[in-house]
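A note on names: the letters A, B, ... follow the listed sequences, proteins ahead of strands, and every chain is numbered from 1. Below, each value reflects all heavy atoms present in this structure, side chains not excepted, and no hydrogens, waters or symmetry copies. In this text the structure is predicted, and so the values were computed from the model without any measurement.
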Amino acid sequence: MDAAAKLERAFYDRDTVAVALDLLGKHLVHEVGGVRRVGRIVEVEAYLGPHDRAAHSSRGLTARTRVMFGPPGHAYVYLIYGMHCCMNVVTEADGQAAAVLLRALEPVCGLDGRTQGPGLLCKAMGIDRRHNGLDLTDTRLYLESPAKPEPFAIVRRPRVGVDYAGAWARRLLRFYIKGNPFVSRS
DNA sequence: TGCACGATGAAC
DNA sequence: TTCATCGTGCAC
């Protein structure tokens, strides 16, 4: 039997870089209106916590970053540039404000439109700020290991759009599947 | 209460 | 390279 397996709380309750690396190749699933929307994660970025100057949590606990500071396995969804939503997966223990940004998907089923970029990913999956704080071990929005995972090599690069973060902007915390055509940029 | 600035995407 | 567009965080 090689059935897909939903990721449990323990998966997210680990070192953020380890979770980010393990998220590559996993499936993001959103069940909406009886339709199952599924995409294979091909690109992510790790945001390590308040000490990481590129992370939203570096501003401390606020209404917006509340979810990042909360328990692992929840969705942190925020509006960026006044028009696009970005989805993160909260990692590490309750009180540790770290997360992994989902940047690109390879369409598997039920997806409409492009998925190569954090804003496009949310649009195609039908994810917006109403999903902020959702428990990813629940049944509507979750991640799972595919039944038949395909092997891949991982590329490590600096994160995108965080040049303001000084030395943290140069850290290799962006990970993507080598050669995958759905990565947002090479 | 006001304002500068994005973890982006699309057009020019 | 420029612009759309608005919530957030911080300065007054």
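- Stacking of A/Tyr164 onto the six-membered ring of B/dG6 is not present when judged by under 5.5 angstrom between centres and under 30° between planes.
- Atoms OH (A/Tyr78) and P (C/dT5) sit 20 Å apart, rounded to a whole Å.
- We find that A/Arg130 and A/Asp128 are joined by a salt bridge, their nearest charged nitrogen and carboxylate oxygen being less than 4.0 Å apart.
- A close approach under 4.0 Å does occur between a side-chain nitrogen or oxygen of A/Thr62 and OP1 or OP2 of C/dG9.
- The partner of C/dT5, taking Watson-Crick or G-U wobble pairs whose two distances both stay under 3.5 Å, does not exist in any strand shown.
- The CD1-P distance, from A/Ile80 to C/dC3, rounds to 19 Å in whole Å.
- Out of B/dA7, C/dG7, C/dT5, the shortest distance to the side chain of A/Met83 is found at C/dT5.
- Nucleic acid contact class of A/Arg59 (heavy atoms, under 4.0 Å, all strands): sugar-phosphate only.
- Taking every side-chain heavy atom of A/Val162 into account, B/dA7 is the closest of C/dT5, B/dA7, C/dG9.
- Base engagement by A/Leu101 is indicated by at least one non-hydrogen atom pair under 4.0 Å involving a base atom.
- Listed pair A/Arg185 / B/dG9 fails the phosphate criterion, with no side-chain N or O lying under 4.0 Å from OP1 or OP2.
- Test A/Arg36, A/Lys6, A/Arg40, A/Lys26 against A/Glu144 for salt bridge (Lys or Arg N to Asp or Glu O under 4.0 Å) and you get one pass: A/Arg36.
- Using a distance-only test at 3.5 Å, with no hydrogens or angles considered, no donor-acceptor pair links the side chain of A/Thr16 to the main chain of A/Ala98.
- The base-pairing partner of C/dA11, taking Watson-Crick or G-U wobble contacts with both distances under 3.5 Å, is B/dT1.
- The distance from atom CG of A/Leu48 to atom P of B/dA7 is 15 Å, rounded to the nearest whole Å.
- Regarding A/Tyr76, its OH atom lies at a distance of 14 Å from the P atom of C/dG7, rounded to whole Å.
- Taking atom CG of A/Asn88 as the reference point, atom P of B/dT8 lies 11 Å away to the nearest angstrom.
- Salt bridge A/Asp112/A/Arg37: absent, no basic N to carboxylate O contact under 4.0 Å.
- Judged by the 6.0 Å distance and 45° axis criteria, A/Arg14 is positioned over the aromatic ring of A/Phe11.
- Going from atom CZ of A/Arg53 over to atom C1' of B/dA7 covers 15 Å, rounded to whole Å.
- Side chain of A/Leu120, nearest nucleotide from B/dA10, C/dG7, B/dA7: B/dA10.
- With no hydrogens or angles considered, a side-chain donor-acceptor pair links A/Tyr176 and A/Arg157 at under 3.5 Å.
- Mapped onto DNA chain C by nearest heavy atom, A/Arg129 and A/His84 fall at different nucleotides, with A/His84 at the one closer to the 5' end.
- Between A/His56 and C/dT8 there is no side-chain N or O to OP1 or OP2 distance below 4.0 Å.
- With C/dT8, C/dG7, B/dA7 as the candidates, the nucleotide lying closest to the side chain of A/Arg64 is C/dT8.
- OP1 and OP2 of B/dA7 both lie 4.0 Å or more from every side-chain N or O belonging to A/Tyr81.
- Atom name P, nucleotides C/dT2 and B/dC5: the rounded distance is 16 Å, in whole Å.
- Distance A/Glu43 CD to B/dT8 C1': 12 Å, rounded to the nearest Å.
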